Amino acid sequence: MNRTRRNPNDPVLDSGTTEVEGTIEKDERVREATRRADELKMLLDVGRAITGSLDLEQILDVSAGVLSELVDASNSFILLLDDETQELRGAGCSNPVWRDGFRSVRIPLAGNTLAAKAMRSRRPIGIEDVSTSEHANGVRTKLFQEKSLLAMPLVVRDEPIGCIVVDDVRKPRAWGAAELERIHLISHKIAVAIANARLYEDLRKSYAQLNRTQEELVKRERLAALGEMAAVVAHEVRNPLGVIFNSLGSLNRLLHPEGDAKMLLEIVGEEAERLDRIVRDLLEFARPNDPSLQPESIVPLVHDAISTATNTSGVTSIHVDLDLDPSLPPVMLDERMMRRALLNLILNALQAMPKGGSLRVRASDELREGRRWMLLEIGDDGSGIPAEFAQRIFQPFFTTKATGTGLGLAVVKRVVEAHRGRITFESGAAEGTTFSILLPMGEWKE
């Protein structure tokens, strides 16, 4: 019986062990391939979030969420540098629970926080165990119960624009080279997204400014044409009006009319005065509106406008409710133009109350948008402005009055805007109408 002799140098093979090792190696390759596929998917998600939106807030929140998954972090935070204040401000957060509160975070760039240090050094800084570091007693470290931290600066064209902070609230951990590489890759994409979003916002603002400038030029051209027309109309109409007024005066002196003749002459006189008022309003609206500014108190202007309006409106039984702070500082304004605007508003208020009512005028100062404004409110108890007319009341020649010219409120709006102010109104059938004027206090700044 022939037997094959085994060479003593041949390895001894255990078929069971070989199969197990092969299976383990195969499983490792599968897990590695799966992990890489997951990483690529998350990177793709970041790319889609960046390219699919120009909303910076949305981009940062989505990117922070993907970053947390990519490095198995508990939370990811994104802070952006405010060049004006030299502060890092909270801009994006992976955890919806902390998101709104984090956006109010402000960190001085010169401070001793981990994010500020990473920004100044322009390199990532990791803390394996927060409890052994100087940051253990930080406000946010305690709030988020962080055990480990890593800060990575966001850099565009070699300039830091913000910082990413990731944490682990479960246990201390060492931040390895692979994790740093992933965070660095994501940080580059986020920095590019921020730059693109800011560029888009700058372009949008520039376009809006260009559009406003173009509208202003068109408006000025129209007003220039209207001014020329108004000058011609004033010359051609006021001469005959002068003749009419002189003739009416002569007829009244010579004839001493009575009855129907007197009534007809009075009608002619009233209509002539109305035509003269239309021409006067047209000239006022078309006049160049560059104010000659001087520091003036608004209080005497209001008193003067109320006195003139109550004497000329013919409306009786008016109660005037004045609340004018005597300590109000002077406002930079053109006295003639502002007196005209106030007179128009107060006359409108009185005409809205033909049977009497309450005229309310209040003046105070307010702090808005980081600067002081004077707030002037003029209200009445009239029937209010119908909702369908609310968008048109400041348009030239729009009026609901039988004898109105439709230029009064248009003139008021032009005067207020010429003073870098704003005018708004609130109106209701039961509350009447209140116009609010905001005028900047202090020197103008371009």
Side-chain angles (χ1 to χ4, degrees), residues 209 212-231 234 277-309 312 324-349 361-378 393-398 405-425 434-446:
Q209 179 62 37
R212 286 193 296 270
T213 302
Q214 185 178 11
E215 290 178 354
E216 184 65 24
L217 288 174
V218 172
K219 181 180 177 181
R220 286 181 178 272
E221 289 180 0
R222 289 176 177 173
L223 289 176
L226 181 60
E228 293 179 5
M229 181 189 72
R277 187 169 62 253
I278 292 173
V279 172
R280 189 168 59 249
D281 289 346
L282 185 61
L283 285 172
E284 181 69 24
F285 180 73
R287 184 176 296 148
N289 62 335
D290 293 329
S292 176
L293 299 175
Q294 298 291 333
E296 301 282 354
S297 172
I298 199 70
V299 175
L301 292 182
V302 170
H303 283 291
D304 185 48
I306 292 175
S307 176
T308 303
T312 58
L324 306 176
D325 186 350
S327 65
L328 279 175
V331 183
M332 297 298 293
L333 52 81
D334 185 307
E335 182 181 356
R336 179 191 61 82
M337 292 175 65
M338 190 56 62
R339 180 182 285 108
R340 173 69 172 173
L342 295 179
L343 179 60
N344 282 351
L345 284 177
I346 294 171
L347 279 173
N348 276 357
V361 183
R362 294 180 173 85
S364 59
D365 65 326
E366 291 195 355
L367 184 64
R368 298 189 186 186
E369 302 169 359
R371 70 169 301 170
R372 293 182 67 194
W373 299 78
M374 191 207 69
L375 173 63
L376 181 64
E377 297 175 298
I378 298 175
I393 64 168
F394 291 116
Q395 293 179 2
F397 305 108
F398 175 78
T405 64
L407 289 171
L409 288 177
V411 170
V412 172
K413 187 172 187 292
R414 286 193 62 205
V415 169
V416 172
E417 290 179 348
H419 286 76
R420 311 289 177 89
R422 306 168 191 170
I423 181 168
T424 57
F425 73 94
T434 299
F435 284 89
S436 299
I437 296 175
L438 276 176
L439 295 175
M441 304 181 78
E443 295 292 333
W444 281 5
K445 294 181 180 179
E446 296 294 339

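All of these numbers come straight from a predicted model, not from anything done at the bench. When reading the values below, keep in mind they use all heavy atoms of this one structure, side chains included, and skip hydrogens, waters and symmetry mates.
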**Complete:** dist Ile346:CD1 -> Phe435:CZ (nearest 0.5 Å) comes out at 12.5 Å
**Fill in**
Closest non-hydrogen contact found for Leu343 with Ala305 is CD1-O, 3.7 Å
**Asked** Is Ser307 reaching over with its side chain to a backbone N or O of His303, donor-acceptor style, under 3.5 angstrom?
**Response** no
**Asked** Can you tell me if Trp373 uses its side chain to pair, donor with acceptor, with the backbone of Asp365 under 3.5 Å?
**Response** no
**Prompt:** Considering only heavy atoms from C-beta outward, does the side chain of Ile378 approach that of Leu342 to under 4.5 Å?
**Reply:** yes
Donor-acceptor pairs are to be reported for all side-chain atoms of residues 325-335 against protein atoms at under 3.5 Å, with residues two or more places apart or in another chain.
| residue | atom | partner | partner atom | Å |
| --- | --- | --- | --- | --- |
| Asp325 | OD1 | Ser327 | N | 3.0 |
| Asp325 | OD1 | Ser327 | OG | 2.7 |
| Asp325 | OD2 | Ser327 | OG | 3.2 |
| Asp334 | OD1 | Arg336 | N | 3.1 |
| Asp334 | OD1 | Met337 | N | 3.1 |
| Asp334 | OD2 | Ser292 | N | 2.8 |
| Glu335 | OE2 | Arg339 | NH2 | 2.8 |

**Item:** Gap separating the CD atom of Gln214 from the CD atom of Gln209, nearest 0.5 angstrom
**Value:** 12.0 Å
**Request:** Specify whether Phe425 and Phe394 have parallel, tilted or perpendicular ring planes, treating 30° as the upper limit for parallel and 60° as the lower limit for perpendicular.
**Result:** perpendicular
**Asked** Quick one: does Leu438's side chain get under 4.5 Å of Thr424's, heavy atoms only?
**Response** no
**Taking every non-hydrogen atom, the tightest pair across Leu376 and Ala363** = CD1-CB, 3.9 Å
**Request:** Rounded to the nearest 0.5 Å, what's the gap from CZ on Arg340 to CG on Leu301? Could you check?
**Result:** 14.5 Å
**Message:** What I'd like to find out is whether the side chain of Met374 reaches to under 4.5 Å of the side chain of Ile298, using heavy atoms alone.
**Reply:** yes
**Message:** Quick check: do Leu375 and Ser436 have side-chain heavy atoms less than 4.5 Å from each other?
**Reply:** yes
**Message:** Side chains of Leu439 and Arg422, heavy atoms from C-beta outward: is any pair under 4.5 Å?
**Reply:** no
**Request:** State, with a plain yes or no, whether a side-chain heavy atom of Asn348 is found less than 4.5 Å away from one of Leu409.
**Result:** yes
**Asked** Are any of the side-chain heavy atoms of Met338 and His419 separated by less than 4.5 Å?
**Response** yes
